[in-house]
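Here the structure comes first, spelled out in structure tokens, and everything after it is commentary.
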Amino acid sequence: MPEFTQIIYEQPEPGIARIWLNRPEARNAQDTALLYELNEAFDIAMGDDAVRVVILAAKGPHFSAGHDLREGSRQSGDFSRVGSWSSQDAAGSESYYCREKEIYEGFCLRWRDLAKPTIASVHGKAIAGGLMLIWPCDLVIASDDATFQDNTLFMGIPGVEYFAHVWELGIRKAKEFLMTGAPITAEEARDAGMVNRVVPRELLEQETLVLARQIAEKPAFGMKLAKQMINAAFSAQGFDNVQRNAFNAHHLAHTHYRLSQDGSMMDRDFLASFGKKSDKG
Ligand code: ZN
């Protein structure tokens with residue numbers, strides 16, 4: 001087992017693996033190390049025949065405050081890349097595009113298609129990039145204090161890098177969610193179909209294990225096939241084409257934001273409105 005510093009990997013019960021995001025002081029903002037550690041932990045769970053379901057939960061008061069923007073466009077450095085988009089020193093937009101293709105879009109698509117079922121167990125705030133840890137999971141259980149928000153339009157960006165908004169919320173609610181940038185509650189998210197169950201905060205850990213047990217007791221191979229079929233329907237509904245377009249639009253907006261005068265003004269407004277730069281993205 002590797003020595004993780006940003007996450008905790010454990011098996012609370014037979015058949016169940018649980019991964020905790022463990023940067024509570026940074027409200028689980030995602031830096032490069034956290035994302036690679038999370039990916040490695042998923043791989044460990046997938047490779048262990050004793051694990052039949054994986055829970056993703058978070059330490060501290062909030063699930064995740066999004067991407068850790070303090071890193072800027074730094075490349076993946078010492079980490080072994082899992083995708084094929086690679087460019088450490090490219091000029092212009094290329095290196096930033098490749099970085100996000102690897103650690104944001106690449107990881108999300110990979111995690112969505114992990115063979116074994118996954119459950120996101122969410123409390124507190126999940127902002128922007130925080131959604132990208134939740135949406136690729138198969139089931140979502142949230143405590144009644146949970147809120148969900150994509151505030152990227154405040155930076156001129158049309159949504160987070162994994163563009164599943166329409167499938168998670170439906171067209172009308174997805175537009176409101178994205179265009180207003182306002183948070184929605186766990187109940188609103190459940191009513192829209194984004195969350196399976198809402199439970200009291202003090203019961204979240206216990207109720208997540210109850211849900212995990214219901215899955216762990218089923219035949220593992222049949223479970224993998226069922227997941228694959230539902231994801232095939234997701235693809236057949238056009239998600240993959242929308243994702244490709246959305247990722248490129250996202251990067252057009254990144255470039256526009258960086259080049260335009262308005263961009264620097266939005267940056268100041270954004271930082272003033274939302275506090276430390278490391279908290280959002
Ligand atoms: Zn981005």
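In each ligand, atom 1 is the first atom listed, and ligand 1 is the first ligand listed. Along the sequence shown, residues are numbered consecutively beginning with 1. Computed from a predicted structure; not experimentally measured.
Using cut-offs of 30° and 60° on the angle between ring planes, the pair Trp135 and Phe177 is tilted. In this structure, His250 and His254 have perpendicular ring planes: the angle between them is above 60°, well past the 30° mark.
Between the Zn ion (ligand 1) and the N, O or S atoms of His254, the shortest distance is to NE2. Of all the N, O or S atoms in Glu161, the one closest to the Zn ion (ligand 1) is OE2. When you scan the N, O or S atoms of Glu100 for the one nearest the Zn ion (ligand 1), you land on OE1.
With Ile141 as the partner, the side-chain contact (heavy atoms from CB on, under 4.5 Å) test is satisfied by one option alone out of Val199, Asn196, Val210: Val199.
Between Tyr162 and Phe239, the distance separating the two ring centers is shorter than 6.0 angstrom.
For the Zn ion (ligand 1), the N/O/S atoms of His250 include one lying under 2.8 Å.
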